[in-house]
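In this text the structure is predicted, and so the values were computed from the model without any measurement. Sequence lines set the chain letters: A, B, ... in the order given, protein chains first and strands last, and positions in each chain run from 1.
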2 protein chains.
Amino acid sequence: MAIQAHESTERRQPDDPRERILSAAGCEFAERGYDAATIRDICAAAAVNIAAVNYYFGDKRRLYIESVKHAHESRVRQVPLPEWDSSVPAERRLHDFVDNMLERMLGLGQPPWQVRLMMREVLQPTEACRELVEDYIRPHFAVLVAILDDLAGGRLTQPELRRVALSIIGQCFLYRAAGDVVGMLVPADEIERLHTPPRLAEHVTRYALAALGRAAPLTGGGAGVSSQDVVA
Amino acid sequence: MAIQAHESTERRQPDDPRERILSAAGCEFAERGYDAATIRDICAAAAVNIAAVNYYFGDKRRLYIESVKHAHESRVRQVPLPEWDSSVPAERRLHDFVDNMLERMLGLGQPPWQVRLMMREVLQPTEACRELVEDYIRPHFAVLVAILDDLAGGRLTQPELRRVALSIIGQCFLYRAAGDVVGMLVPADEIERLHTPPRLAEHVTRYALAALGRAAPLTGGGAGVSSQDVVA
DNA sequence: GTTTGATTCAAACAGTCGATTGAAACAGCT
DNA sequence: AGCTGTTTCAATCGACTGTTTGAATCAAAC
């Protein structure tokens with residue numbers, strides 16, 4: 001099982017100016033969005049002259065598109081799709097998948113800029129989005145759908161599986177996209193104790209397994225919501 | 001049961017210049033975000049001179065905060081919290097709540113600017129967010145938690161209920177916040193048939209009821225995922 | 001050393017933006 | 001009508017932005 005090998009540091013400064021600009025731009029766009037990120041800031045961070053953007057990329061828009069492309073391509077390269085030994089039960093696979101997704105979205109302080117930039121693009125799609133979907137998102141989606149198909153024992157149609165998959169993704173996505181609001185809604189001590197990737201993964205997985213009849217309902221008929229049994 | 005009385009038109013042009021600016025600003029901010037929305041465009045749309053923003057609001061930032069405040073206050077005024085007769089089963093209440101949330105987020109062409117602006121604020125919180133949460137979001141959240149508490153028969157703790165509520169909200173939220181990407185992932189005919197508010201409400205509700213042991217699992221033990229039985 | 005294309009640079013450009021200003025116009029009151 | 005506060009206006013300001021420009025510098029090849 002290959003999961004989340006090693007996250008590269010936020011932004012190593014490449015030698016090549018073009019790469020340096022891409023990296024700096026990725027960070028700025030991830031942090032501030034397209035409109036608020038400025039060429040001057042990007043060039044300062046990349047230690048290049050402002051004309052370099054025109055020279056290497058043509059214009060700001062092109063630079064943005066290339067940054068998004070660079071982000072998902074490097075993610076695909078560095079972080080392969082999760083794979084499991086054939087003996088690993090589907091329950092476990094689902095848990096791992098969800099855990100991995102939550103770690104990526106919420107993990108350790110702050111996700112790398114590539115992930116943050118992709119999230120922005122998902123929320124406000126540009127022409128860069130289609131390729132991001134095909135190159136990065138769809139393969140992950142297919143893995144999740146396959147796991148759910150196993151869990152459902154072939155009893156759900158593809159459309160049904162896709163909707164269940166989207167339900168799972170939606171649950172994880174909320175904490176990332178609206179995390180500040182969640183933080184205002186829920187008591188702080190509860191955020192600290194229960195809103196960590198592992199704990200949320202537990203909940204999201206258990207919710208799914210219960211809904212699919214692969215675990216007892218959340219309300220009982222077993223050890224309760226916090227039980228580790230289903231994934232042990 | 002009071003649900004979604006009548007949605008006001010997108011933007012009636014008020015008489016009072018201050019109201020006209022607020023309304024125009026709300027639309028612009030909702031459509032383009034804070035950075036890309038300009039005072040000049042707002043003033044043109046409101047048929048006022050550009051100095052009016054300084055006169056009535058002080059600066060752009062203040063105008064934004066007031067727009068968000070105006071949005072949630074008018075929503076609270078116009079669209080009261082859902083209420084049900086005490087004889088209405090919790091299953092039905094949950095379905096209605098989810099349906100209502102999805103209609104608001106995805107409904108008929110395009111939600112009113114107030115909803116769109118609030119969504120933006122949720123995704124990129126400013127100092128306006130806390131009041132939005134307290135005035136608008138929290139009351140709705142409390143309704144949902146209460147419904148879930150009924151469904152769970154008092155067997156889940158408050159933290160557990162809140163997590164289930166967030167799971168439901170996350171599912172609805174995804175279609176709004178990342179609808180374009182969902183549209184790229186899922187076949188077009190499936191989007192058309194199954195990704196309407198009523199159909200999605202059905203799915204989200206059924207998923208929750210199954211997870212809570214208040215309906216058969218999605219995989220069977222009854223009529224299947226598309227059944228209307230649980231809400232009939 | 002010369003040539004050629006690539007790369008980098010400082011300065012400049014044109015446009016846009018939020019904010020300001022002093023005056024004009026308006027509205028209400030005496 | 002005069003006074004006073006409110007509202008609106010056109011012009012302007014200063015800062016910022018993406019983009020361009022012509023020249024200087026660099027690097028590789030001969």
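Listed by first and then second residue, the ring pair (Phe, Tyr, Trp, His ring centres under 6.0 Å) pairs that reach into residues 163-192 of chain B are B:Y175-B:H195, sequence neighbours excluded. Sorted by first and then second residue, the salt bridge (charged side-chain N to carboxylate O under 4.0 Å, His left out) pairs involving residues 49-59 of chain A (not counting sequence neighbours) form an empty list.
Looking at residues two or more places apart in sequence or on another chain, you find no side chain to side chain donor-acceptor pair (under 3.5 Å) involving B:R40. Under the side chain to side chain contact (heavy atoms under 4.5 Å, CB included) criterion, B:E134 pairs with B:R138, not counting sequence neighbours.
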Can you check each nucleotide of nucleotides 6-17 of chain C against protein heavy atoms at under 4.0 Å and return B for base, S for sugar-phosphate only, - for none, in 5' to 3' order? SBBBB-B----B
I'd like a list of close polar pairs between nucleotides 23-26 of chain D and the protein, N/O only, cut-off under 3.5 Å.
none

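The one candidate from A:K69, A:E121, A:E28 that meets the side-chain hydrogen bond (donor to acceptor under 3.5 Å, both in side chains) condition with A:Y64 is A:E121.
Put simply, the side chain of A:L194 does not reach to within 4.5 Å of the side chain of A:L200, judged on heavy atoms.
One interatomic measurement links the two molecules: CD1 of B:I21 to P of C:dG18, which rounds to 14 Å at whole-angstrom precision. Rounded to whole angstrom, the span from the CD atom of B:E28 across to the P atom of C:dG18 amounts to 11 Å. Put simply, CZ on A:F57 is 16 Å from P on D:dT20, counting in whole angstrom units. Rounded to an integer number of Å, the gap from B:Y64 OH to C:dG18 C1' is 18 Å. Rounding to whole angstrom units, CD1 of residue A:I42 and C1' of D:dT17 are separated by 12 Å.
With salt bridges taken as basic N to acidic carboxylate O contacts below 4.0 Å, none links A:R163 and A:E160.
Within the 6.0 Å centre-distance limit, the rings of A:Y207 and B:Y207 are counted as a close aromatic pair.
An OP1 or OP2 oxygen of C:dT20 is reached within less than 4.0 angstrom by a side-chain nitrogen or oxygen of B:N54.
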